[in-house]
Amino acid sequence: MPSVVKINVLTVPTEQREVLEQRFASRAGAVESSDGFEWFELLRPVEGTDQYLVYTRWRSEQDFQAWMEGPMKAAHQGGGQGGGERPKPAASASTVWSFEVVQQASPKKP
């Protein structure tokens, strides 16, 4: 069964870029221990767009859905620590793209 790739496309205004990157840095480990998780990358736009790409690869669609319904949902619900208000989202829009890995390659060993 091929791996699945989920790319969350986040539209992030220039003034919110640092906020977004800091939030991802502070969530270190939030997905890495999830069953079926294979890879994560946060891709910053270089030119011509205000969209960040959050790339994750999973062993299966079921593993991704289990993470969405469990750890991810819990991390995005409720108030902040101490019951305070949740911070305003850094992104103004979000879309998720889904792909199956049909070919892949890694560097050849010398």
Side-chain angles (χ1 to χ4, degrees):
M1 182 160 51
S3 296
V4 294
V5 169
K6 301 293 181 173
I7 300 174
N8 192 356
V9 183
L10 301 174
T11 302
V12 182
T14 303
E15 65 276 6
Q16 291 292 338
R17 284 181 168 201
E18 190 173 329
V19 171
L20 179 86
E21 291 180 23
Q22 287 175 350
R23 287 182 186 167
F24 270 93
S26 69
R27 57 128 286 301
V31 69
E32 287 87 331
S33 60
S34 296
D35 190 42
F37 169 79
E38 295 179 350
W39 196 259
F40 161 85
E41 290 178 328
L42 175 62
L43 306 176
R44 176 193 304 139
V46 176
E47 59 182 297
T49 184
D50 57 357
Q51 294 180 318
Y52 276 72
L53 301 180
V54 183
Y55 173 102
T56 58
R57 190 174 72 202
W58 299 85
R59 179 179 53 210
S60 70
E61 179 68 25
Q62 293 76 18
D63 290 323
F64 171 74
Q65 292 300 330
W67 174 73
M68 286 286 290
E69 289 303 314
M72 198 285 295
K73 192 173 187 179
H76 287 82
Q77 282 183 336
Q81 290 184 346
E85 285 189 34
R86 286 180 47 84
K88 179 181 180 284
S92 61
S94 172
T95 302
V96 176
W97 296 341
S98 299
F99 299 89
E100 285 184 343
V101 177
V102 293
Q103 292 184 23
Q104 61 185 18
S106 60
K108 291 185 179 189
K109 306 282 185 215

Run the side chain to side chain contact (heavy atoms under 4.5 Å, CB included) check on Glu61 and Lys6 step by step: do they pass?
CA-CA 9 Å; Glu61 179 68 25; Lys6 301 293 181 173; 2.8 Å; yes
Taking it one step at a time, do Phe37 and Trp67 satisfy ring pair (Phe, Tyr, Trp, His ring centres under 6.0 Å)?
CA-CA 9 Å; Phe37 169 79; Trp67 174 73; 8.2 Å; no
Would you check, one step at a time, whether the test side chain to side chain contact (heavy atoms under 4.5 Å, CB included) holds for Val101 with Arg57?
CA-CA 9 Å; Val101 177; Arg57 190 174 72 202; 4.1 Å; yes
Just do the side chain to side chain contact (heavy atoms under 4.5 Å, CB included) check on Leu53 and Asn8 with the steps written out, would you?
CA-CA 6 Å; Leu53 301 180; Asn8 192 356; over 6 Å; no
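Within the 4.5 Å cutoff, no side-chain heavy atoms of Gln16 are placed close to those of Leu20. Put simply, the side chain of Ser98 does not reach to within 4.5 Å of the side chain of Phe64, judged on heavy atoms. Leu43 is not listed as a side-chain neighbour of Tyr52, based on a closest heavy-atom distance of 4.5 Å or more. The shortest distance between side-chain heavy atoms of Arg44 and Gln51 does not fall below 4.5 Å. The shortest distance between side-chain heavy atoms of Leu10 and Val54 falls below 4.5 Å.
Under the 4.5 Å side-chain heavy-atom criterion for grouping Ile, Leu, Val, Met, Phe, Trp and Tyr, Val4 is connected to Val31 within one hydrophobic cluster. Cluster annotation: Trp97 is connected to Trp39 through the hydrophobic network of ILVMFWY side chains, with a link wherever side-chain heavy atoms come within less than 4.5 Å. Linking Ile, Leu, Val, Met, Phe, Trp and Tyr residues whenever their side-chain heavy atoms come within less than 4.5 Å leaves Leu42 and Ile7 in two separate clusters.
The structure places CD of Gln104 at 6.5 Å from OG of Ser3, a figure rounded to the nearest 0.5 Å. If you take OG on Ser26 and CD on Glu21, they are separated by 12.0 Å, rounding to the nearest 0.5 Å. Atom CZ of Arg59 and atom OG of Ser34 lie 11.0 Å apart (nearest 0.5 Å).
A salt bridge is absent between Arg17 and Asp50: the closest approach of a Lys/Arg side-chain nitrogen to an acidic carboxylate oxygen does not fall below 4.0 angstrom.
For the residue pair Thr56 and Trp58, a side-chain donor N or O sits within less than 3.5 Å of a side-chain acceptor on the partner. Judged purely by distance below 3.5 Å, without hydrogens or angles, the side chains of Gln22 and Glu18 pair a donor atom with an acceptor atom.
The aromatic rings of Phe24 and Phe40 sit parallel to each other, their planes meeting at less than 30°, with 60° as the upper class boundary.
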